[in-house]
Amino acid sequence: MPSVKTLVQSQDLKSLPSDYAHFSNSDKSTVAGPEVSLPVIDFSLLSSTNPDERAKVIQDLRNACGEWGFFMLVNHGIPENLINRLFKTCNDFFDMPEEEKLKFETTNPRFPVMVRSGSTTCDVSNQKVLFWRDYLRFFVHPEFYCPNKPTEFSDLVSEYSQRTRDVNRKLLQGISQSLGLEEDYIEKAMDLKSGTQIFAANYYPPCPQPESAIGIPPHTDHGLLTFLIQNGVGGLEIQHKGKWFYVNALPNSIFINTGDQLEILSNGKYKSVWHRAVVNNKKTRISIVIPNGPSPDTIVSPAAPLLRETPAAYAPMNYMEYVNVQRTSRLNEKPILDRLKLH
Ligand code: OGA
Ligand code: NI
């Protein structure tokens with residue numbers, strides 16, 4: 001199957017090929033959100049020695065995770081220059097000839113998945129649906145994989161993943177406290193030293209009929225926190241109180257969203273947020289997404305200290321098993337998270 005990029009380049013596409021057209025306008029109605037302000041977290045406050053500032057950022061995290069499952073992280077300390085170079089090298093990867101990219105493709109569905117590229121398919125009522133994106137995806141922790149081309153790729157991915165891991169750990173310390181747990185509760189319970197980290201780059205070329213196509217359909221992420229940056233072109237939408245919100249990035253911010261394992265761990269206090277990627281007809285969009293999860297072998301269950309007054313709302317499950325079930329589920333099936341709900 002050709003990549004979407006090749007499809008767009010090989011023909012003068014005026015209309016959307018039918019394999020990609022499955023969404024009606026009404027499915028995708030979006031609330032433009034200038035009137036709502038999305039939560040912003042100032043990362044530098046987490047290192048503050050001023051107890052009031054620290055208390056404020058913990059409260060901000062509690063609101064952001066409890067109300068939205070999403071926030072924009074500012075003052076995170078990851079150099080803009082590193083991020084710009086990373087986008088450049090990802091773009092160079094997708095610019096390589098199709099045969100070159102496919103050399104990195106593996107069909108091995110088991111951990112560790114190394115690299116896959118090309119369009120994504122899924123089944124909707126036994127009909128094949130193609131998404132308007134190409135992607136590249138591989139594990140970077142606890143074992144590090146990366147294509148050896150373009151030349152700089154591996155070094156940049158290594159540095160970015162290390163830095164996001166540090167930010168992730170610190171955020172989870174704050175989130176632990178926001179739940180009334182010890183600061184290091186989550187990192188210990190989730191064995192973050194061997195935490196799972198995936199590097200994913202999504203490439204969305206301009207689409208002739210963006211309203212009928214979808215980049216990624218609505219889903220939740222499987223891990224604890226997902227980090228997302230984009231090349232200045234928007235497309236991420238999150239669901240909030242039943243409505244879809246298009247999110248505009250603040251300069252040099254990172255989008256962070258909560259995932260299924262945080263929902264389980266928090267016993268449902270912090271719901272995993274539904275989100276999707278829409279496409280546009282003007283500019284290529286690239287998003288770089290880093291899902292951060294527990295170590296592969298962790299059995300995730302609701303945090304014991306949260307169960308003193310409330311019964312457990314989720315059954316425990318091994319994390320890698322969870323990832324594999326989610327990956328092989330169909331779009332119209334009951335999500336694995338729902339199947340773990342008790343009562
Ligand atoms: C993902 C994802 C959204 C985007 O890769 O899991 O939700 O905007 N991506 O690319
Ligand atoms: Ni996602």
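For clarity, every value in this text was computed on a predicted model and none was experimentally measured. Counting starts at 1 for both ligands and their atoms, following the listed order.
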Heavy atom of Tyr204, distance to ligand 1 below 4.0 Å: yes
Enumerated ligand 1 atoms positioned under 4.0 Å from heavy atoms of Val289: 5 (O)
Sequence neighbours excluded, every pair satisfying salt bridge (Lys or Arg N to Asp or Glu O under 4.0 Å) that has a member inside residues 296-316: none
For Leu228, the ligand 1 atoms whose distance to one of its heavy atoms is below 4.0 Å: 3 (C), 4 (C), 8 (O), 9 (N), 10 (O)
Any side-chain heavy-atom pair of Pro208 and Trp132 under 4.5 Å: yes
Mode of Arg276 contact toward ligand 1 - side chain, backbone, both, neither (heavy atoms, under 4.0 Å): neither
Under-4.0 Å heavy-atom contact with ligand 1, by part of His275 that carries it: side chain
Name of the Asp221 atom (N/O/S only) found closest to the Ni ion (ligand 2): OD1
Given Ser158, Ser161, Cys90, Pro291, the one that forms side-chain contact (heavy atoms from CB on, under 4.5 Å) with Phe199: Cys90
Pair Phe138 and Tyr145, ring centroids less than 6.0 Å apart: no
Numbering as shown, the atoms of ligand 1 that approach Arg285 to under 4.0 Å (heavy-atom distance): 4 (C), 8 (O), 10 (O)
Residue portion contacting ligand 1 (non-hydrogen atoms closer than 4.0 Å) for Ile216: side chain
